[in-house]
Structure formats: C-alpha cells, structure tokens
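So the structure is just underneath, and the comments pick up after that.
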Amino acid sequence: QSLLRQMQEQQLMQLQRQQQMIILQTLGIQQQHQAAVQAKAKTGVRRVIDKPDSMSMTYNSLSSQAGMEIDSGNLPKTSVMVHRSLSSTSDDGASNGRISPNTAISPLGQDGHVITGGTGLVYDTMMLKHNCGCGSSHPEHPGRLQSIWARLLETGVVQRCTRLRARKASLAELQTLHSENHVRLYGRPNKLKTSQDKKDVAGMRAFVQISCGGVGVDTDTYWNDQHTSNAARMAVGSVIELADKIVNGEIMNGFALIRPPGHHALPNQAMAFCYFNNVAVAAKALVTKNKKVVIVDWDIHHGNGTQQIFYDNPSVLFISIHKFDNGTFFPGTGRPEEIGSGAGMGYNINIAFSGKQTFQGPTASSFGDAEYLAAFRSVVMPVIRDFGPDLILVSAGFNSTSGHPSTLGGYSVTPKCYAHLTRMLMRCGNGKVAVALEGGYELMSLCESAESCIKSLLGENLLPLDSGSVSRPPQSAAIACIEKTINCHKSYWSSLQQS
C-alpha cells in the first residue's frame with residue numbers, strides 16, 4: 001500500500017476529530033493568549049552574557065527531569081563526554097552539570113557581540129498555493145501551514161518573533177545541490193519563456209494519476225503545474241534566508257514555516273512529497289562559506305535525500321532519529337551501519353529505532369519521549385559538542401506524535417518533548433538553531449508541536465514533561481538500537497566511548 005493511501009485514511013479520521021475539538025481548542029487558546037499578554041509585555045526575549053566563554057543561566061527544579069548531562073557552560077570542542085547508562089531517562093546525584101529546560105540561552109554574533117535580534121520566523125502564503133488537483137484530500141495540503149499560522153497568531157507567538165521576509169531560491173542556488181535537469185524540471189512553472197522550453201520540459205515530465213484523484217510525479221507526490229515550482233523554491237529560499245540571518249548574528253535562532261517538505265528529495269529525483277531538499281540547500285550554501293553545519297532530522301521517516309547528499313562531506317554532520325523497523329518502514333534507508341564514506345566517515349549518524357526480535361520475527365517499534373530523550377542524551381548532544389558547529393539545522397517533522405497510524409508513525413512523542421529537544425540543541429553552537437518544518441499530518445499535534453518549538457526558541461519557560469515520560473526507563477529495544485549506533489561511531493567520536 002502506498003504512503004499516500006495510508007495517510008488518506010488517517011486524514012479522514014483526523015478531520016472528524018478536529019470538528020469535535022475546535023470549540024474547546026478555541027476557548028483554550030483564548031485563555032492562553034490572555035495570560036501570555038499579561039505575563040509578557042515585551043515583544044522579544046533578550047539575554048545578556050558576561051564573556052564569550054560563559055553563559056548566564058537560570059536553573060529550576062525541572063533540570064533533573066530532562067536527564068541530560070551537559071556542562072553548565074560552553075564545553076571546549078576537545079572535551080570528552082563520557083557515555084552514560086541508558087537504563088533510565090533521569091540520573092541520580094546533584095543537579096550540577098545537567099541542562100535545565102528553562103536555561104537562558106545567549107548566543108554570540110560573529111564579532112563576539114551579544115545577539116538581541118530575537119527569534120526569527122519566516123512564512124509566506126505563496127506556499128499555500130501548492131495544492132493537489134483533487135482538492136484537499138491529499139495529506140500534504142495547505143491546511144497544514146494555515147492551521148499552524150492561525151495557532152501562532154492566536155497565542156501571540158507571531159508577535160513575539162522577528163518576522164523575516166521569505167524569498168524564492170534562485171535556480172543557481174538550487175543547482176548547487178540538484179542536477180540541472182532536476183532544477184529545470186521542477187524549478188520553473190508552466191509559463192516558460194520559449195516554445196522550446198515548453199517542449200523540453202513536457203518531454204521530461206512523466207505524470208501519473210495518484211489515488212486521491214490528482215496528478216503527480218509519482219504515486220505519492222502531486223504536482224500543480226502553476227504553483228508547485230514557486231512554492232518549492234519559496235520553501236528553499238526561506239530556509240536559506242533564515243540560516244544566513246542566524247549565522248550573521250542578526251537573530252538568535254528561528255523557525256521556517258514551509259512546505260512542501262524536502263528531506264526525501266535527491267539531487268535528481270523528487271519523492272515522498274519533496275521536490276528540493278530545503279535544509280540541504282541551505283547547509284550547502286553555508287559550507288561554501290567554510291561553515292560547519294549540523295543537521296538533526298527527527299522526522300519519523302529517515303531523511304534519505306539529506307544522507308545521500310552529504311554522505312562523504314565532513315563539513316556537515318547529519319544525525320537522524322527515525323523509525324526503521326529493520327528496513328520495513330518507509331523509506332527503508334538509514335541503517336546504523338551507514339556511517340558515511342571517504343572523508344565523511346563518522347559524520348552520518350543514524351539512530352534507527354526497531355522493535356523487539358521475537359520467535360515470530362521482529363515486532364514494530366512504538367516509542368515516545370523516554371526513548372528520544374535517551375537518544376539525545378547519549379548520542380546527539382555529545383557528538384554535536386565534539387563537532388562544534390557554526391549552525392544547527394533541524395529537519396523538524398512532527399509525525400512521531402500520537403494520532404498517526406502505525407504504517408505512517410506509531411510513536412507517541414509529545415509536543416512538549418519536541419520543545420525540550422529544541423532547548424537542548426540551543427545549548428550547542430552558541431545557540432544558533434534553525435528549525436524547518438518537514439512532515440507531520442495530524443493537525444492538532446502538528447500545531448501544538450510547532451508552537452512548542454518556537455516558544456522554546458524564544459526562551460520561554462517550558463512545560464514539564466509528563467511524569468510517565470520521564471519516570472519510566474526507555475524500552476529495551478530502543479536501548480539496543482542506541483547502543484548499536486554508539487558501537488558504529490565510537491571510534492570516530494571520543495564522546496561516545498564507554499566509561
């Protein structure tokens with residue numbers, strides 16, 4: 001069964017739930033907005049630090065719940081972080097040396113000055129025009145962005161961010177990563193300049209009928225001849241613009257509210273709703289400026305396109321946390337043994353979650369906050385600090401939340417957990433984090449997850465994780481998967497060496 005057909009079934013159930021929840025949600029949002037306005041009159045969060053190698057921080061009682069071992073200041077890039085036991089998501093002992101989810105973050109600009117530009121937010125309605133010919137039954141529909149944007153306006157989050165002007169990526173920018181034919185095929189709308197252009201592109205495009213009734217470049221990825229290319233280029237350009245503003249010190253961090261997604265896009269192939277690899281193009285632009293970039297992909301599907309693009313590049317550290325289930329979960333790539341090639345060996349890290357092995361065969365994995373926190377604490381954070389990036393890019397798919405069927409998700413990561421993971425990343429690379437939307441098709445959790453991440457970027461106090469998420473140990477199957485990743489990479493990263 002195709003990815004599209006599976007997601008359509010979930011979409012119908014989702015719309016029914018939304019009709020039931022909309023009144024309660026609206027009342028709750030209004031109350032939250034009123035409280036937020038009273039609590040925060042200022043439009044942005046500014047932090048002050050004393051010197052480049054230290055941070056001014058505020059800790060509270062939530063620090064022990066994150067279970068994250070992190071030095072209270074910026075660690076030297078040569079520091080060794082000893083791998084801790086994976087048997088629990090929280091540790092015993094004093095709170096010193098652990099991250100607080102409400103730690104104040106104060107990144108520095110390139111010249112060492114304190115950045116006060118706040119959190120950037122980039123969005124453009126042009127990306128709403130990318131729609132399937134079937135109407136609205138395709139799961140990757142404009143309502144995803146419309147719902148998030150409405151939520152951010154209602155809760156006052158938009159007003160607390162620094163709005164950035166979105167722009168379309170140029171054809172030249174796209175061709176730094178994608179082939180010339182690919183850019184010519186998907187980067188230009190139907191209004192081509194010459195009759196020869198129209199003839200050439202028509203010959204290259206081989207459309208198929210997809211199950212929802214629309215027309216696509218494959219059975220899952222629809223194409224709108226008038227608007228898709230512009231929307232896809234706007235998505236790429238928005239991430240480039242956000243990344244540049246952060247690296248140049250104009251803003252502290254930011255969120256790109258974009259579609260279509262991009263992490264499945266290959267240099268010469270569109271697939272799984274993706275045309276251009278938004279995050280990868282932005283990373284490539286920074287690499288050409290001699291910047292070191294980390295890409296953390298927490299979409300439940302492996303970012304096969306991003307992995308292929310940077311597989312031999314030591315300037316980009318790619319870390320993916322995804323559902324793998326022994327290669328049976330889409331797209332089937334992302335084995336822990338896929339560690340990179342050539343100069344890039346060790347710079348491609350896959351935390352590939354699979355279920356238990358039984359006499360009847362492997363079972364499907366079903367993980368949540370505890371497993372993701374363990375993966376961050378034991379692999380993601382130590383390696384990122386060893387690497388010492390100039391920027392952390394996040395391919396933020398929110399399809400690991402409840403509400404997605406097992407064929408498309410099946411996990412129960414909470415929106416609050418995404419906020420805590422974001423805050424952890426803000427403790428690296430001087431807090432320079434750019435989050436870009438990828439997947440996520442259950443609208444209620446999608447909106448809540450995006451809002452939670454942006455509030456985390458703004459430096460707001462985070463809601464504590466559910467007690468059940470942090471009190472239970474990670475599942476043994478998840479521990480085995482994390483240990484496998486560590487074993488594949490410990491010869492490349494001192495921070496992964498066992499004590």
Side-chain angles (χ1 to χ4, degrees), residues 2-4 130 140 169-188 201 204-208 210 216-223 228-229 231-237 239-240 258-288 293 295-313 315-320 322-324 327 329-335 338-342 344 347-350 352 393-397 399 436-439:
S2 72
L3 177 66
L4 174 61
H130 167 59
E140 207 295 283
S170 68
L171 299 180
E173 287 174 322
L174 297 175
Q175 285 184 212
T176 62
L177 199 73
H178 295 280
S179 69
E180 181 179 357
N181 284 340
H182 185 86
V183 173
R184 191 176 189 189
L185 182 60
Y186 299 118
R188 308 170 78 177
V201 171
M204 289 189 291
R205 287 176 180 162
F207 294 119
V208 298
I210 55 180
V217 300
D218 59 31
T219 56
D220 294 322
T221 310
Y222 67 80
W223 175 263
T228 294
S229 62
R233 288 175 59 181
M234 183 66 73
V236 178
V239 182
I240 295 174
I258 58 171
R259 63 180 291 271
H263 71 149
H264 293 305
L266 302 169
N268 58 355
Q269 182 181 352
M271 63 178 294
F273 314 160
C274 304
Y275 294 92
F276 302 113
N277 200 309
N278 309 315
V279 166
V281 175
K284 185 66 178 293
L286 293 175
V287 169
T288 60
V293 180
I295 299 176
V296 176
D297 189 333
W298 66 43
D299 190 291
I300 199 168
H301 302 103
H302 179 244
N304 58 302
T306 311
Q307 172 174 290
Q308 178 177 320
I309 289 165
F310 296 114
Y311 204 62
D312 61 353
N313 194 327
S315 295
V316 178
L317 172 62
F318 176 62
I319 306 175
S320 177
H322 55 275
K323 185 176 182 178
F324 183 63
F329 191 73
F330 182 86
T333 55
R335 296 164 57 245
E338 296 169 7
I339 64 172
S341 65
Y347 293 90
N348 191 88
I349 300 177
N350 287 311
L393 283 162
V394 182
S395 281
N399 39 15
L437 182 65
E438 295 282 0

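Basis for what follows: all heavy atoms, side chains included, without hydrogens, waters or symmetry-related copies.
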For [X], side chain to side chain donor-acceptor pair (under 3.5 Å) partners two or more places apart:
X: His263; value: Asp297
X: Asn277; value: Thr306
X: Arg233; value: none
X: His302; value: Gln307, Thr333, Asn350

Are the side chains of [Y] and [X] in contact, using a 4.5 Å heavy-atom criterion?
X: Val293; Y: Leu393; value: yes
X: Ile349; Y: Ser320; value: no
X: His264; Y: His301; value: yes
X: Cys274; Y: Pro261; value: yes
X: Asp220; Y: Phe273; value: yes

According to side chain to side chain contact (heavy atoms under 4.5 Å, CB included), who are the partners of [X], at least two apart in sequence or on a separate chain?
X: Gln269; result: Leu266, Met271
X: Ala352; result: His322, Phe324, Pro336
X: Glu173; result: Arg167, Ala169, Ser170, Ile240
X: Ala232; result: Pro260, Tyr275, Phe276

Approximate separation, where rounding is to 0.5 Å, of [X] [atom1] and [Y] [atom2]:
X: Phe330; Y: Asn304; atom1: CZ; atom2: CG; answer: 6.5 Å
X: Asn278; Y: Glu438; atom1: CG; atom2: CD; answer: 6.5 Å
X: Asn399; Y: Asp299; atom1: CG; atom2: CG; answer: 4.0 Å

Least distance between heavy atoms, [X] atom then [Y] atom:
X: Thr219; Y: Val208; value: N-CG2, 3.9 Å
X: Ser395; Y: Val279; value: OG-CG2, 3.6 Å
X: Ala396; Y: Trp298; value: CA-NE1, 3.4 Å
X: Val287; Y: Ser315; value: CG1-CB, 4.0 Å
X: Phe318; Y: Gly303; value: CZ-O, 3.7 Å
X: Phe329; Y: Ile300; value: CE2-O, 3.8 Å

Using the ring pair (Phe, Tyr, Trp, His ring centres under 6.0 Å) criterion, which residues pair with Phe310? Sequence neighbours excluded.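 Applying ring pair (Phe, Tyr, Trp, His ring centres under 6.0 Å) to Phe310 gives none.
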
Val281 and Val239: CA distance, side-chain angles, deciding distance, side chain to side chain contact (heavy atoms under 4.5 Å, CB included) verdict: CA-CA 8 Å; Val281 175; Val239 182; over 6 Å; no

For [X] and [Y], indicate whether the former's side chain and the latter's backbone hold a donor-acceptor pair under 3.5 Å.
X: Gln175; Y: Val183; answer: no
X: Thr221; Y: Asp218; answer: no
X: Asn348; Y: Tyr311; answer: no
X: Arg259; Y: Glu140; answer: yes

For Glu338, what residues pass the salt bridge (Lys or Arg N to Asp or Glu O under 4.0 Å) criterion, not counting sequence neighbours?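 Partners of Glu338 under the salt bridge (Lys or Arg N to Asp or Glu O under 4.0 Å) test: none.
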
If you apply the rule side chain to side chain contact (heavy atoms under 4.5 Å, CB included), what do you find for Thr288 with Thr176, and how did you get there? CA-CA 10 Å; Thr288 60; Thr176 62; over 6 Å; no

Consider only side-chain N and O atoms of Asn181 and Asn268, and report whether a donor and an acceptor are under 3.5 Å apart.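 No, because no side-chain N or O of Asn181 sits under 3.5 Å from a partner of the opposite role on Asn268.
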
Determine, stepwise, if the pair Phe207 / Val217 fulfils side chain to side chain contact (heavy atoms under 4.5 Å, CB included). CA-CA 5 Å; Phe207 294 119; Val217 300; 4.1 Å; yes

What do the steps show when you test Ile258 against Met234 for side chain to side chain contact (heavy atoms under 4.5 Å, CB included), and what is the final call? CA-CA 8 Å; Ile258 58 171; Met234 183 66 73; over 6 Å; no

Can you pull the salt bridge (charged side-chain N to carboxylate O under 4.0 Å, His left out) pairs that have at least one residue in residues 260-287, sequence neighbours excluded?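 Those involving residues 260-287 do not exist here.
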
